[in-house]
Amino acid sequence: MTVELAPMTSPADTLAERIAARTARVAVVGLGYVGLPLAETFAWGGYPVLGFDVDEAKVAKLRRGESYIGHICPERVAELVAGGRFDVTSDPARFVEADAIIICVPTPLGEAREPDLSYIVRTGEAIRPFLRAGQFVVLESTTYPGTTEDLLRPILEESGLKAGRDFFLAYSPEREDPGNRDFATRNIPKVVGGMDETSLRLAVALYEPIVEGVVPVSGTRVAEACKILENTYRAVNIALVNELKQVFAAMGIDVWEVIAAAKTKPFGFQAFYPGPGLGGHCIPVDPFYLTWVAKKYGINTRFIELAGEVNTAMPRYVVERVAEALNDDGKAVKGSSICVLGVAYKKDVDDPRESPAFEILEMLRARGARVSYSDPHIPTLPRMRHHPALRLDSTPLTPEFLARQDCVLIVTDHSAFDYDTIVGHAKLVVDTRNATAKCAAAGCRIVKA
Ligand SMILES: NC(=O)c1ccc[n+]([C@@H]2O[C@H](COP(=O)([O-])OP(=O)(O)OC[C@H]3O[C@@H](n4cnc5c(N)ncnc54)[C@H](O)[C@@H]3O)[C@@H](O)[C@H]2O)c1
């Protein structure tokens, strides 16, 4: 007698089939500036998505079909929630429902500028009791090479399940650029590194339907290092132009004109622009993850340290330029009315994290200035850990208000600002972004800083 045996299918094959059929449920953990657009993109790609966040207020908002991130439209969230393609929860027990779990939680620096991996640790510990055979976990939070396999893997394996045999593990860096109209999650190629061949194969299969181009690399460490390289490259080059800005300014040369000319070279030069200092969750933070881990190997990351030094000195440089410009008008900083335009860390976003505007406002206030700010994306200053005393509301930029200011300081060049009106009514504009370059003849003095 012959017995027909059903072919054995491994947990990886079953998961691959579910991914191919788009029945694999994708859980996105941490629904912030990275996680929410990613969840939306997975849903757009046809996967059922379960969003997970510890912030109950965010969960409640999303469940009502609302959005809390300027560039993610509420109609889209409402449509996905109503259509049953996007469910949101703060209940870790629901991790068991997921086939793939994508981790997008914060990775800030601690008080001593050391990596704060507590969010990743807590997420791993929350997943662990509900981890089941056949699941796939992908870390997307930016971190130093080694985090996925040396930190996250042991936490998950304390469940008794073994990575590579029972569950699968990969790292894929997020390359989100909030406010960028040309590039969103879908058309940014995605680098993926698995802890083994199977994990890599699953990662490619999972992301291929949702992004234009998946870039497989040989392992999780290479994928982690790739993200750190990208952001360190930006931090170092921004520091270079910030330093050149100061040298050229002293020589009476406009650094923006120099960069515009240099970028006509069709090879070997990429334009980076100076500013009032670094901001955001990534560029001022990520390179120091590498600095920290490099020390374990006895290596000092001198480029990163130097870039950090130059970039963190920029707010003070800007304040000095404001003081000089006021002095030229026969005024002191003390008692002057100074309005800062733009407190978000970059153009056209509503994210104030690490924005140099806070330090600038505080330094000006410490010198006795009467400070205010205007930012259409941030109606009220959120309470910042390092600037708890700054409590201000955004001021509308009326011609009368502008005319009353001794100095208007452009820190973030939002498109929503009407620069012709600003230079037409203010007495003095200090411009850290070259935002006034295209303005018609100004009624005021413009100082680039
Ligand atoms: N913002 C960017 O432009 C950007 C770009 C590329 C990479 N990154 C990286 O992506 C990661 C996330 O950054 P972000 O800007 O989205 O942060 P965010 O602060 O906007 O969002 C993080 C979310 O995670 C939630 N959270 C915190 N702890 C949690 C936990 N234990 N379980 C579940 N949810 C938790 C928070 O409530 C928040 O909603 C970071 O590693 C960051 O470096 C950010």
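Order of listing sets the numbers, starting from 1, for every ligand and every atom in it. Here the structure is a predicted model, which is why all the values come from computation and not from measurement.
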Check [X] against ligand 1 and report side chain, backbone, both or neither, counting heavy atoms closer than 4.0 Å.
{"X": "Lys346", "result": "neither"}
{"X": "Pro173", "result": "neither"}
{"X": "Ala126", "result": "neither"}
{"X": "Glu140", "result": "neither"}
{"X": "Cys104", "result": "backbone"}

Nitrogen or oxygen of [X] less than 3.5 angstrom from that of ligand 1:
{"X": "Val34", "result": "yes"}
{"X": "Arg122", "result": "no"}
{"X": "Asp351", "result": "no"}
{"X": "Lys58", "result": "yes"}
{"X": "His281", "result": "yes"}

How far is [atom] from its nearest protein heavy atom, and which residue and atom name does that atom have?
{"atom": "atom 20 (O) of ligand 1", "result": "Tyr33 N, 3.0 Å"}
{"atom": "atom 18 (P) of ligand 1", "result": "Arg353 NH1, 3.4 Å"}
{"atom": "atom 24 (O) of ligand 1", "result": "Gly30 CA, 3.2 Å"}
{"atom": "atom 37 (O) of ligand 1", "result": "Asp53 OD1, 2.6 Å"}
{"atom": "atom 3 (O) of ligand 1", "result": "Pro178 CD, 3.3 Å"}
{"atom": "atom 31 (N) of ligand 1", "result": "Thr123 OG1, 3.4 Å"}
{"atom": "atom 11 (C) of ligand 1", "result": "Val105 O, 3.4 Å"}
{"atom": "atom 7 (C) of ligand 1", "result": "Thr142 OG1, 3.5 Å"}

So that I can tick it off, tell me whether [Y] and [X] are bridged by a salt bridge, with the cut-off set at under 4.0 angstrom between side-chain N and carboxylate O.
{"X": "Asp254", "Y": "Lys448", "result": "yes"}
{"X": "Arg186", "Y": "Glu40", "result": "yes"}
{"X": "Arg201", "Y": "Asp13", "result": "yes"}
{"X": "Arg94", "Y": "Glu97", "result": "yes"}
{"X": "Arg181", "Y": "Asp348", "result": "yes"}
{"X": "Arg25", "Y": "Asp99", "result": "no"}
{"X": "Glu56", "Y": "Arg63", "result": "no"}

Check each atom of ligand 1 against the heavy atoms of [X] and keep those under 4.0 Å away; list them by number with element.
{"X": "Tyr119", "answer": "27 (C), 28 (N)"}
{"X": "Phe52", "answer": "32 (N), 33 (C)"}
{"X": "Gly32", "answer": "16 (O), 18 (P), 20 (O), 21 (O), 23 (C), 39 (O)"}
{"X": "Val29", "answer": "32 (N), 33 (C)"}
{"X": "Thr107", "answer": "40 (C), 41 (O), 43 (O)"}
{"X": "Asp55", "answer": "37 (O)"}
{"X": "Lys227", "answer": "6 (C), 7 (C)"}

After noting the C-alpha distance and the side-chain angles of Phe303 and Tyr233, does the key distance pass the ring pair (Phe, Tyr, Trp, His ring centres under 6.0 Å) rule?
CA-CA 10 Å; Phe303 258 115; Tyr233 173 73; over 10 Å; no
Check: Trp256 ring centre within less than 6.0 Å of Tyr273 ring centre
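No.
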Parallel, tilted or perpendicular: which fits the ring planes of Tyr419 and Phe417, with parallel below 30° and perpendicular above 60°?
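Tyr419 and Phe417: perpendicular rings.
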Keeping [X] on the side-chain end and [Y] on the backbone end, is there a donor-acceptor pair under 3.5 Å?
{"X": "Arg22", "Y": "Tyr47", "value": "no"}
{"X": "Asp413", "Y": "Leu341", "value": "no"}
{"X": "Thr301", "Y": "Ile304", "value": "no"}

Which one of Val28, Val54, Leu38 has a non-hydrogen atom at the shortest distance from atom 29 (C) of ligand 1?
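Answer by nearest heavy atom: Val54.
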Tell me, please, whether Tyr68 has Lys58 positioned over its six-membered ring: NZ or CZ under 6.0 Å from the ring centre and within 45 degrees of its axis?
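Yes, a cation-pi geometry holds between Lys58 and Tyr68.
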Could you tell me whether the side chain of Tyr33 reaches within less than 4.5 Å of the side chain of Glu176, counting heavy atoms only?
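No, side chains not in contact.
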